[in-house]
Amino acid sequence: MTTSPTPTPRSLDTGGDARRRLLAGLPVTERRLPVAGTSTVVLEGGHGPPVLLLHGGIECGGAVWAPIVSALAERHRVVVPDLPGLGASAPVERLDAAAFADWLLALLERTGLQRPVLVAHSLAGSLAAGFAARHGHLLGRLVLYAAPGIGTYRMPVGLRWVALRFTLRPSERNAERFDRWAFSNLDRARERDPEWFRAFAADTSSRATVPHTKRTMGQLLKAGRRRVPDDELRRIGVPTSLAWGRGDRFVPLALAQAASTRLGWPLRVIDGTGHVPHVEQPPAFLQAAGLHEPAGR
């Protein structure tokens, strides 16, 4: 990984060494950009058709996409921001649908992205769907990934419990309890790269103690769970598809199946995975998201 010459303010680089370990070896440049009145950290790498990756409700921000960045950068220009108030991006007072849309519009302009494939995960996927209903002409394609807002969603009781425990006491032990809900098989995924998972746990737990991160996570959870009305979803004029882990316990596959039936969006299911197939089964996720095509196709 290469980094920009502008140092990251210590007050915003809460993850510190853990973030550097999360991003170690990636063919990306990290820089800090002014976007919609806030300081946004962006990873960029590769050449070819543009792909914009938006993470969901995770304290470490865009670093969670690390397992697929190198493969994507072989064929695409990849842009991975930390959402406002998360990761190493600066704090914001609010992150709701309107603020998200303003930020994303400014990000597309600031990075010069022309009709990228937008892959949006989980809570950010819900907000991206609303954005695409109004600004789909700015996108080339949309991949919604484990997004609760495209259907009727009720957070599972067990998930509420582990999430509350982690919020009240963001220890690495409670982070692991949360991750066991997120992954179909956490132990198997962790065996592939134990050092990356140690850095992931350390970075996430560290940032989860920061007041502005807690505030942003709460706002994102509220905004991202809200259902996007079907009449808005049907206004999305850009090709849209769904990618889902078969064993997703955060946002069950049934929600995606119902949305696919109602809206006519293709649904690609990833076997042997939970809520984060891009970490659990990176090649299978890239295939499901339609990102394995050669550049220019």
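In what follows, every heavy atom counts, from backbone to side chain, and hydrogens, waters and symmetry copies are set aside. Predicted model only: the values in this text are computed from it and were never measured.
- A pairwise comparison of heavy atoms in Ile150 and Ala129 identifies CG2-CB, 4.4 Å as the closest pair.
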Would you check, one step at a time, whether the test side chain to side chain contact (heavy atoms under 4.5 Å, CB included) holds for Phe178 with Leu159? CA-CA 8 Å; Phe178 189 82; Leu159 175 57; 3.9 Å; yes
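- Applying the ring pair (Phe, Tyr, Trp, His ring centres under 6.0 Å) test to pairs two or more places apart or on separate chains, none has a residue in residues 217-237.
- Taking all atoms of both residues into account, the shortest heavy-atom contact from Arg262 to Gly151 is NH2-CA, 4.3 Å.
- At least one side-chain heavy atom of Val119 sits less than 4.5 Å from a side-chain heavy atom of Leu291.
- Partners of Trp181 under the ring pair (Phe, Tyr, Trp, His ring centres under 6.0 Å) rule, at least two apart in sequence or in another chain, do not exist in this structure.
- Under a cut-off of 6.0 angstrom, the local environment of CZ in Arg169 is sparse, with at most 12 non-hydrogen atoms contributed by other residues, nucleotides or ligands.
- Taking the six-membered ring for Trp and the full ring otherwise, His278 and Trp65 have centroids separated by under 6.0 Å.
- Taking a cutoff of 4.0 Å between a charged side-chain nitrogen and a carboxylate oxygen, Asp203 and Arg19 do not qualify as a salt bridge.
- Residues Phe250 and Tyr153 place their aromatic rings such that the two centres sit no closer than 6.0 Å.
- Taking the side chain as every heavy atom from C-beta outward, Pro84 and Ser89 never approach each other to under 4.5 Å.
- Applying the 6.0 Å contact sphere to CZ of Arg173 captures no more than 12 heavy atoms from other residues, nucleotides or ligands.
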Just do the salt bridge (charged side-chain N to carboxylate O under 4.0 Å, His left out) check on Arg134 and Glu232 with the steps written out, would you? CA-CA 8 Å; Arg134 296 167 177 79; Glu232 286 191 37; 3.1 Å; yes
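- Using a 30° and 60° split on the angle between ring planes, Trp103 and Phe100 fall in the tilted class, from 30° to 60°.
- Note that CG of Leu113 is 6.5 Å distant from CG of Leu107, once rounded to the nearest 0.5 Å.
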Determine whether Phe200 and Val279 satisfy the following criterion, side chain to side chain contact (heavy atoms under 4.5 Å, CB included), listing intermediate values before the conclusion. CA-CA 11 Å; Phe200 173 69; Val279 178; over 6 Å; no
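- Residue pairs satisfying the side chain to side chain donor-acceptor pair (under 3.5 Å) criterion with at least one member in residues 110-127, sequence neighbours excluded, are listed as follows: Ser122-His275.
- With a 4.5 Å cut-off on side-chain heavy atoms, Leu144 and Thr240 count as touching.
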